[in-house]
Amino acid sequence: VDVVQDGADVLLVGDAENNGVSIDRNDQNQLVVTGLLGTSLNNLFDPIILSDGSEMGGDLNVTKLGDGDDLLCLRDFVVDGDVSLTSTPGNDVVLMSNVDVGGSLTIQLGEDEDVADLDKVRVGGRSELRAGAGNDAVFVSGVTAATFFADGGNGDDRLVSSFVGSGEIE
């Protein structure tokens with residue numbers, strides 16, 4: 001997985017292999033990207049430090065982790081801008097926990113059987129989750145957003161929501 005940091009913005013781009021990536025805080029309260037399940041970052045197996053705090057000043061874009069079965073874990077940090085996550089074909093898993101997004105949140109799951117689990121995610125703008133073709137599972141708990149939109153796409157999908165606080169639900 002390639003990790004590109006351009007000022008306050010971060011871009012992650014995967015390959016055709018199965019990839020696992022985590023973005024969270026380490027013990028020194030630094031925001032880090034870590035490869036999981038044997039995934040390298042910029043051809044190395046060392047974590048990449050994004051900031052010396054739990055806040056990211058710009059946007060986070062995860063573009064096509066790859067055509068494999070991918071895992072993306074985002075937890076315990078703040079993004080001042082927008083978060084955009086796009087997966088491609090493969091049985092992908094997106095886990096978000098205790099993440100604050102100042103702008104909008106967009107999650108586009110690819111084809112196949114994907115899972116998205118959002119827990120305690122706060123979004124200042126619009127939150128949009130689109131599951132692609134396939135039998136997908138979406139779990140939403142403690143999510144707040146100005147507007148929340150979810151579309152299951154084609155397939156036998158499950159949407160489980162224990163609480164969504166929103167100005168508007170579409």
Side-chain angles (χ1 to χ4, degrees), residues 1 3 10-15 17-27 29-41 47-48 50-51 54-56 59-79 81-124 126-132 134-145 148-153 155 157-166:
V1 172
V3 180
V10 176
L11 172 68
L12 276 68
V13 181
D15 54 27
E17 302 298 321
N18 297 339
N19 294 303
V21 176
S22 172
I23 302 177
D24 61 2
R25 288 183 296 185
N26 65 11
D27 293 338
N29 198 37
Q30 296 169 315
L31 188 59
V32 297
V33 181
T34 305
L36 306 173
L37 309 170
T39 299
S40 66
L41 304 173
I48 296 174
L50 299 177
S51 71
S54 62
E55 186 167 344
M56 199 174 91
D59 297 332
L60 172 63
N61 293 298
V62 179
T63 306
K64 301 178 182 175
L65 276 180
D67 290 339
D69 298 338
D70 301 315
L71 169 64
L72 177 64
C73 301
L74 306 175
R75 62 182 185 156
D76 299 328
F77 66 93
V78 175
V79 177
D82 300 326
V83 173
S84 176
L85 313 173
T86 304
S87 70
T88 53
N91 299 324
D92 301 323
V93 177
V94 174
L95 306 173
M96 290 184 74
S97 177
N98 198 32
V99 175
D100 289 347
V101 179
S104 63
L105 170 65
T106 304
I107 299 175
Q108 176 68 54
L109 301 174
E111 297 174 9
D112 297 315
E113 298 178 4
D114 302 312
V115 175
D117 189 339
L118 284 65
D119 180 45
K120 298 180 194 104
V121 176
R122 291 157 296 281
V123 182
R126 178 180 173 86
S127 179
E128 184 172 312
L129 193 149
R130 294 182 181 273
N135 301 330
D136 305 308
V138 176
F139 303 93
V140 179
S141 174
V143 174
T144 59
F148 184 83
F149 172 82
D151 178 5
D157 302 318
R158 289 186 306 150
L159 173 61
V160 178
S161 174
S162 62
F163 174 77
V164 176
S166 172

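Hydrogens, waters and symmetry mates play no part in the numbers below; they use all other heavy atoms, side chains included.
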Query raised in the report: How long is the span from the CD atom in E111 to the CG atom in D136, to the nearest 0.5 Å?
Result: 10.5 Å
Query raised in the report: Do you know the tightest heavy-atom contact between L36 and C73?
Result: CD1-SG, 4.3 Å
Query raised in the report: V83: what forms a side-chain contact (heavy atoms from CB on, under 4.5 Å) with it, not counting sequence neighbours?
Result: L60, V79, L85, V101, L105
Report summary line: Closest non-hydrogen atoms of A116 and L129, given as atom of the first, atom of the second and distance, are CB-CD1, 4.1 Å
Query - Nearest non-hydrogen partners of D92 and S87, listed with the distance - result: OD2-CB, 3.1 Å
Query - T88 vs T86 side-chain heavy atoms within contact, under 4.5 Å - result: no
Report summary line: Closest non-hydrogen contact found for E17 with D70 is O-OD1, 3.4 Å
Requested in this report: To the nearest 0.5 Å, tell me how far E113 CD sits from N135 CG.
Outcome: 5.0 Å
Query raised in the report: Does a side-chain heavy-atom distance below 4.5 Å link D119 with F139?
Result: no
**Report entry** Partners meeting side-chain contact (heavy atoms from CB on, under 4.5 Å) with L37 (sequence neighbours left out)
**Finding:** L71
Report task. Taking the side chain as every heavy atom from C-beta outward, state whether L50 and F77 have any atom pair closer than 4.5 Å. Result -> no
Query - Where D157 and G134 come nearest, the two heavy atoms and their spacing - result: OD1-O, 2.8 Å
Requested in this report: Would you please say whether a donor-acceptor pair under 3.5 Å links the side chains of N91 and D112?
Outcome: no
**Report entry** Derivation of the side chain to side chain contact (heavy atoms under 4.5 Å, CB included) call for V94 and L109
**Finding:** CA-CA 9 Å; V94 174; L109 301 174; 4.0 Å; yes
Query raised in the report: Any side-chain heavy-atom pair from K120 and V143 closer than 4.5 angstrom?
Result: no
Requested in this report: Please name all residues satisfying side-chain contact (heavy atoms from CB on, under 4.5 Å) with S51, sequence neighbours left out, ordered by chain then number.
Outcome: L31
Report summary line: Those residues at least two apart in sequence (or on a different chain) that pass side-chain contact (heavy atoms from CB on, under 4.5 Å) with D59 are D9, N61, D82
**Report entry** For T39 against N19, the heavy-atom pair lying closest together
**Finding:** OG1-CA, 3.3 Å
**Report entry** Any side-chain heavy-atom pair of V10 and I23 under 4.5 Å
**Finding:** no
Requested in this report: First locate atom CD of Q108, then atom CG of D151, and finally report the distance between them rounded to the nearest 0.5 Å.
Outcome: 8.5 Å
Query raised in the report: Looking at side-chain heavy atoms only, is the closest gap between I107 and L118 below 4.5 Å?
Result: yes
Query raised in the report: Residues two or more places apart in sequence or in another chain: which of them pass side chain to side chain donor-acceptor pair (under 3.5 Å) with R75?
Result: D24
**Report entry** Non-neighbouring partners of E128 that pass side chain to side chain donor-acceptor pair (under 3.5 Å), sequence neighbours left out
**Finding:** R126, R130
